[in-house]
Amino acid sequence: MALIVQKYGGSSVADATAIKRVAKRIAEARRAGDDVVVVVSAMGDTTDELIDLANEISPLPPSREMDILLTAGERISMSLLAMAIANLGVEAQSFTGQQAGVITDDAHGRARIIDVKASRIRQALDAGAVAIVAGFQGVTEHTNDVTTLGRGGSDTTAVAIAAAVGADVCEIYTDVDGVFTADPRIVPSARKLERITYEEMLDMAASGAKVLMLRCVEYARRNKVVIHVRSSFTGHTGTLVTDETPQQGQEGTSMEQPIISGVAHDRSEAKVTVVGVPDVPGTAAQIFETVAGAGVNIDMIVQNVSVAATGLTDISFTLPATDGARATAALGAVQDVIGFASLQYDDAIGKLSLVGAGMKSHPGVSAKLFGALRDAGINIEMISTSEIRVSVVTRADQLDDAVRAVHTAFDLDSADGEAVVYGGTGR
Ligand code: ADP
Ligand code: ASP
Ligand code: MG
């Protein structure tokens with residue numbers, strides 16, 4: 001008998017039929033003798049719809065109220081799922097994040113889990129019931145305010161609960177068969193990975209591969225939680241995210257690790273250009289202190305060569321588009337102090353990242369990447385590199401073509417059939 005945490009994403013519980021289908025799978029696991037804790041996301045695109053609704057009411061909704069609104073999505077799905085399981089003759093009890101003991105800090109909209117007091121979940125399991133937990137939400141320790149963990153946060157709820165109850169495995173059920181070498185929605189020839197290490201998955205998630213939330217992978221690595229990413233629409237084995245890389249010569253593995261894990265893309269960033277910055281010591285510090293002071297995380301930075309005649313330069317950086325208004329307002333307020341000419345804001349950009357721990361020992365990876373983009377007629381606007389990642393910014397409407405071209409150039413295309421997307425809208 002095992003203790004399993006199963007997490008079902010929004011596309012797996014998009015409507016009543018889907019909820020009944022998932023309930024069957026959960027009931028089967030319970031009947032087979034396993035103890036089952038289920039973490040569930042809001043139905044379909046509910047979270048996006050609630051955000052749209054809030055924005056119709058207020059351009060900048062208070063973050064505390066926003067969190068109360070968004071947690072309603074997961075409460076709907078958790079109770080409906082409990083009803084569907086009960087209908088099959090298996091006992092089930094649903095719990096909000098607060099009831100399940102998910103304690104977070106008070107950073108509304110991006111709260112971090114600081115503790116899981118799982119006694120209520122354990123009681124349900126001891127009583128023979130399936131425990132169903134609303135994902136993506138928690139409560140602050142002292143003020144009892146409801147918080148959310150950031151988009152995709154149910155993944156993190158699932159891993160945190162798996163760690164707290166000592167689960168044997170944390171199964172993340174979604175609308176594709178596992179982690180692929182690229183998003184199957186864009187690259188039908190993407191290849192499913194049998195396993196991926198925490199490090200590689202961290203880099204993929206940090207580069208935009210939203211199949212797992214970045215924080216969930218960090219949490220899993222720290223607490224040694226084995227994740228199994230798989231489809232709720234099939235019985236196929238998915239991808240294991242673990243510590244171990246297969247040993248050399250082990251059956252089913254090649255002698256060498258592949259150079260590249262995959263190609264990730266990200267459409268959620270925007271680019272700010274600070275035009276006509278005085279090219280003297282200290283201005284970059286002033287700019288980025290201002291942005292940091294507004295609580296905004298930045299990603300890539302490019303500073304152009306100073307035009308000698310004018311002594312001025314341009315500095316561009318990327319940031320989450322959701323923070324764009326805050327960052328430009330903060331910079332606008334110190335324009336006279338820093339002495340730059342103007343600000344440009346561009347959210348029609350896309351970022352492509354080639355990720356792989358093996359690339360640090362292979363020369364020519366960047367050259368091959370740029371060559372593939374040239375052959376596809378795609379202009380590169382920004383570049384950043386690290387030992388395990390090369391990222392480029394392109395026009396948003398060229399991003400899909402860029403991902404496909406790079407995936408093919410690095411021989412990642414699968415020979416055996418197309419990667420299937422079983423559900424979801426890709427929103
Ligand atoms: P859920 O609602 O189940 O949480 P998400 O939409 O958050 O699902 O994540 C699953 C989606 O992640 C897939 O439908 C796919 O479009 C996208 N995705 C992006 N990169 C990858 C990748 N490398 N492998 C698999 N899926 C990916
Ligand atoms: N419902 C939340 C979201 O859409 C959390 C999740 O699905 O993981 O981001
Ligand atoms: Mg998700």
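Bear in mind the structure is a predicted one, so any value in this text is a computation, not a measurement. When a ligand or atom number is given, it counts from 1 through the structure's own listing order. All values below come from the heavy atoms of this structure, side chains included, with hydrogens, waters and symmetry mates left out. This chain uses plain numbering: 1 for the first residue, then up along the sequence.
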Peer 1: Can we say R267 and D400 salt-bridge, meaning some charged N sits less than 4.0 Å from an Asp/Glu carboxylate O?
Peer 2: yes
Peer 1: Mark the output for G73 as yes if a heavy-atom distance to ligand 2 is under 4.0 Å, and as no if none is.
Peer 2: no
Peer 1: So is there a nitrogen or oxygen of F180 less than 3.5 Å from a nitrogen or oxygen in ligand 1?
Peer 2: yes
Peer 1: For ligand 1, which part of A182 has a heavy atom less than 4.0 Å away: the side chain, the backbone, both, or neither?
Peer 2: backbone
Peer 1: Measure the distance from atom 21 (C) of ligand 1 to every protein heavy atom, then report the residue, atom name and distance (to 0.1 Å) of the closest one.
Peer 2: D183 CA, 3.7 Å
Peer 1: Any nitrogen or oxygen of H265, main chain or side chain, under 3.5 Å from a nitrogen or oxygen of ligand 1?
Peer 2: no
Peer 1: Which atoms of ligand 1 have any heavy atom of V179 under 4.0 Å away?
Peer 2: 24 (N)
Peer 1: Looking only at distances, please establish whether an N/O atom of ligand 2 is found under 3.5 Å from an N/O atom of S154.
Peer 2: yes
Peer 1: Is any NZ, NE, NH1 or NH2 atom of the basic residue among R230 and E171 found under 4.0 Å from an Asp or Glu carboxylate oxygen of the other?
Peer 2: yes
Peer 1: Where is the nearest protein heavy atom to atom 6 (O) of ligand 1: which residue, which atom, and how far?
Peer 2: K210 NZ, 3.1 Å
Peer 1: Compute the minimum heavy-atom distance from V176 to ligand 1 and say whether it is under 4.0 Å.
Peer 2: yes
Peer 1: Between R395 and D346, is there a salt bridge with N-O shorter than 4.0 Å?
Peer 2: yes
Peer 1: Does even one non-hydrogen atom of G262 get within less than 4.0 Å of ligand 1?
Peer 2: no
Peer 1: As an exercise, identify every atom of ligand 1 less than 4.0 angstrom from a heavy atom of G178.
Peer 2: 24 (N), 25 (C)
Peer 1: Would you call R191 and D413 a salt bridge, using N to O less than 4.0 angstrom?
Peer 2: no
Peer 1: In plain terms, say whether R151 and D48 are close enough for a salt bridge, that is, a side-chain N and a carboxylate O under 4.0 Å apart.
Peer 2: yes
Peer 1: What part of K7, side chain from CB on, backbone N/CA/C/O, both or neither, has a heavy atom under 4.0 Å from ligand 1?
Peer 2: side chain
Peer 1: Does N297, at its CG atom, have more than 12 non-hydrogen atoms belonging to other residues, nucleotides or ligands within less than 6.0 Å?
Peer 2: no
Peer 1: With atoms numbered from 1 as shown, which atoms in ligand 2 lie under 4.0 angstrom from a non-hydrogen atom of S41?
Peer 2: 6 (C), 7 (O), 8 (O)
Peer 1: Less than 4.0 Å is my threshold; does some heavy atom of S11 fall inside it relative to ligand 1?
Peer 2: yes
Peer 1: Write out the residue and atom name of the closest protein heavy atom to atom 2 (O) of ligand 1, then the distance separating them to 0.1 Å.
Peer 2: G10 N, 3.2 Å
Peer 1: Would you mind running through ligand 2 and noting each atom that sits below 4.0 Å from a heavy atom of R151?
Peer 2: 3 (C), 4 (O), 9 (O)
Peer 1: In the protein, what heavy atom is nearest to atom 27 (C) of ligand 1, and what distance, to one decimal place, separates them?
Peer 2: V211 CB, 3.7 Å
Peer 1: Any heavy atom of P184 closer to ligand 1 than 4.0 angstrom?
Peer 2: yes
Peer 1: Regarding R404 and D183, does a basic nitrogen lie under 4.0 Å from an acidic carboxylate oxygen?
Peer 2: no
Peer 1: Show me which atoms of ligand 1 lie under 4.0 Å from any heavy atom of R185.
Peer 2: 14 (O), 16 (O)
Peer 1: Please walk me through it: do T148 and Q137 pass side chain to side chain donor-acceptor pair (under 3.5 Å)?
Peer 2: CA-CA 4 Å; T148 64; Q137 55 183 267; over 6 Å; no
Peer 1: Are the charged groups of D299 and K351 less than 4.0 angstrom apart, N to O?
Peer 2: yes
Peer 1: Are more than 12 heavy atoms from other residues, nucleotides or ligands located less than 6.0 Å from atom CZ of R110?
Peer 2: no
Peer 1: Quick one: do R30 and D35 make a salt bridge, cutoff under 4.0 Å?
Peer 2: yes
Peer 1: Please step through side chain to side chain donor-acceptor pair (under 3.5 Å) for the pair T104 and T147, ending with a clear verdict.
Peer 2: CA-CA 7 Å; T104 72; T147 53; 2.7 Å; yes
Peer 1: Do any heavy atoms of G152 fall under 4.0 Å from ligand 2?
Peer 2: yes
Peer 1: Under 4.0 Å from ligand 2, counting heavy atoms only, is it the side chain of E74, its backbone, both or neither?
Peer 2: side chain
Peer 1: Over all heavy atoms of both residues, which pair between V217 and A205 is shortest? Give the atoms and the distance, please.
Peer 2: CG2-CB, 4.5 Å
Peer 1: So that I know where these two stand, are Y173 and F233 an aromatic pair - ring centroids less than 6.0 Å apart?
Peer 2: no
Peer 1: Write out the residue and atom name of the closest protein heavy atom to atom 8 (O) of ligand 1, then the distance separating them to 0.1 Å.
Peer 2: T174 OG1, 3.2 Å
Peer 1: State whether the shortest distance between N or O atoms of A209 and N or O atoms of ligand 1 falls below 3.5 angstrom.
Peer 2: no
Peer 1: What do you reckon, does D175 have a nitrogen or oxygen under 3.5 Å from a nitrogen or oxygen of ligand 1?
Peer 2: yes
